[in-house]
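Notes for the one structure printed next.
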Amino acid sequence: IWDESERLQNLIQDLLDLSKIEHSEFQLNWQRVDLSMLTDDVIVMLKGKAKQKDISLTKVTEGSSTIEGDPLRIKQVMINLINNAIMYTPQGGRININVTETNEKVIFGVKDTGIGISKQEVSRVFERFYRVDRARSRNSGGTGLGLAIVKHIVEAHQGEIIVDSEVGKGTLFAICFNKKAQL
Ligand code: ATP
Ligand code: MG
């Protein structure tokens, strides 16, 4: 019962959040954000969950990882992507997080050794309520809002998100953030 009520609370929170985001009723709180340090906070938060499934969670940072963005919103993006990686990766898998500096951007990537997403479905995972294989994922607790929220937050930052996945092998979600806000 407690599990159910927690799920319901999370669902309501996500729905409220998404409707605010979709109606542009949210303003980003622009600040300097160190993506590598923010990742560390999220890893501390989620490492217990990964450990329960014996999944390793590692991070590699290359170069400077400071951008301009909204730290709370970016943290929400990181939590959603890493939660997905844990949820859709079987026991004993690996999750590698990369924070990589390029000329004008910093790329945040989450790569897992999970179940993967087929070519037909990969374009749909950002739709609200869309879940691959509903029957099988019914038990895994999600509602299909996580990536819709991620996409809106990334777009508000004028960033880009890409997915590369292979069924049975794993999935990479990567976000390119501009170092400087394009206001
Ligand atoms: P929640 O709203 O709790 O996040 P969810 O995880 O089902 O629920 P999304 O995060 O939006 O929803 O993801 C949508 C669907 O995309 C998932 O149901 C799953 O089928 C697929 N998916 C997302 N991330 C991965 C991943 N790392 N590996 C495999 N499939 C994934
Ligand atoms: Mg999710």
Side-chain angles (χ1 to χ4, degrees), residues 2-22 26 38-39 41-43 45-60 72-99 107-157 159-176:
W2 286 113
D3 265 15
E4 278 302 310
S5 99
E6 203 183 311
R7 261 175 70 175
L8 210 55
Q9 267 184 20
N10 284 337
L11 169 59
I12 291 166
Q13 190 55 57
D14 278 355
L15 268 172
L16 284 173
D17 224 31
L18 189 59
S19 88
K20 262 198 253 166
I21 292 174
E22 284 184 341
F26 86 120
L38 203 54
T39 305
D41 295 347
V42 176
I43 289 177
M45 241 180 95
L46 297 179
K47 73 175 176 211
K49 212 174 190 176
K51 205 174 169 194
Q52 279 177 13
K53 290 180 76 177
D54 191 28
I55 291 172
S56 67
L57 202 54
T58 58
K59 182 202 76 173
V60 174
L72 282 181
R73 289 303 184 178
I74 294 173
K75 193 168 175 184
Q76 190 178 10
V77 164
M78 291 174 168
I79 292 170
N80 285 353
L81 291 183
I82 298 170
N83 251 329
N84 280 349
I86 296 171
M87 187 142 58
Y88 304 110
T89 296
Q91 194 88 15
R94 292 186 307 280
I95 298 172
N96 291 309
I97 301 164
N98 277 281
V99 184
I107 300 161
F108 172 81
V110 179
K111 192 172 180 200
D112 66 51
T113 58
I115 60 175
I117 307 167
S118 72
K119 289 270 172 298
Q120 302 96 275
E121 319 228 59
V122 89
S123 58
R124 301 201 58 192
V125 293
F126 295 104
E127 294 172 19
R128 59 226 297 262
F129 296 118
Y130 188 81
R131 308 193 69 206
V132 178
D133 195 351
R134 280 152 201 277
R136 197 166 28 146
S137 52
R138 193 175 299 143
N139 296 322
S140 63
T143 46
L145 294 175
L147 287 176
I149 293 173
V150 165
K151 187 151 194 261
H152 278 100
I153 294 174
V154 170
E155 282 172 357
H157 282 85
E160 265 180 277
I161 184 160
I162 56 161
V163 197
D164 186 20
S165 188
E166 200 176 326
V167 172
K169 284 260 168 83
T171 304
L172 166 72
F173 279 92
I175 301 175
C176 306

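Order of appearance sets the numbers: ligands from 1, and atoms from 1 within every ligand. Only a predicted model underlies this, so the values are computations on that prediction, with no experimental measurement involved.
A salt bridge is defined here as a Lys NZ or Arg NE, NH1 or NH2 lying under 4.0 Å from an Asp or Glu carboxylate O, and Arg73 with Asp17 meets this definition. Looking at Glu4 and Arg7, a side-chain N of the basic residue comes within less than 4.0 Å of a carboxylate O on the acidic one, giving a salt bridge.
The two residues Ile153 and Gln76 have their closest heavy-atom pair at CD1-OE1, 3.3 Å. Considering all non-hydrogen atoms of both residues, Val110 and Ile82 come closest at CG2-CG1, 4.1 Å. Contact detail for Met45 and Ile79: the closest heavy-atom pair is CE-CD1, 3.6 Å. Across all non-hydrogen atoms, the minimal contact from Glu127 to Ala148 is C-CB, 4.4 Å.
Of the options Leu15, Ile149, Leu18, a side-chain contact (heavy atoms from CB on, under 4.5 Å) to Arg128 is made by Leu18 and by none of the others. The only member of Val125, Val163, Asn80 that meets side-chain contact (heavy atoms from CB on, under 4.5 Å) when paired with Leu147 is Val125. Of the listed residues (Ile43, Asp112, Leu81), just one forms a side-chain contact (heavy atoms from CB on, under 4.5 Å) with Ile97, and that residue is Ile43.
By the criterion of a heavy-atom distance under 4.0 Å, the side chain of Thr171, and not its backbone, is placed next to ligand 1. Under 4.0 Å from ligand 1, not a single heavy atom of Asn10 appears. Contacts between Thr143 and ligand 1, counted as non-hydrogen atom pairs separated by less than 4.0 Å, involve both the backbone and the side chain. Residue contacts with ligand 1 for Phe173 involve side-chain atoms from C-beta outward but no N, CA, C or O (heavy atoms, distance under 4.0 Å). The residue Glu121 has no part lying near ligand 1, judged by heavy-atom distances below 4.0 Å.
Against a heavy-atom cut-off of under 4.0 Å, Met87 is close to the following atoms of ligand 1: 6 (O). Listed by number with element, the atoms of ligand 1 under 4.0 angstrom from any heavy atom of Gly116 are 29 (C). Numbered from 1 in the order shown, with element, the atoms of ligand 1 that lie under 4.0 Å from a heavy atom of Ile117 read 22 (N), 29 (C), 30 (N), 31 (C). Listed by atom number, the atoms of ligand 1 under 4.0 Å from Tyr130 heavy atoms are 14 (C), 15 (C).
Residue Gly144 places a heavy atom less than 4.0 Å from ligand 1.
No donor-acceptor distance shorter than 3.5 angstrom exists from the side chain of Ser56 to the backbone of Arg94, with no hydrogens or angles considered. With Lys47 contributing its side chain and Leu57 its backbone, the two residues share no donor-acceptor pair below 3.5 Å.
Backbone and side-chain nitrogen or oxygen atoms of Val132 are examined, and one is located within less than 3.5 angstrom of a nitrogen or oxygen of ligand 1. Residue-to-ligand polar distances place Gly146 within reach of ligand 1: an N/O pair is separated by less than 3.5 Å. Close N/O approach between Asp14 and ligand 1 is not found [any backbone or side-chain N/O within under 3.5 Å].
Within the protein, the number of N/O/S atoms found under 2.8 Å from the Mg ion (ligand 2) is 1.
Residues passing the side chain to side chain donor-acceptor pair (under 3.5 Å) test with Thr39: none are found, sequence neighbours excluded.
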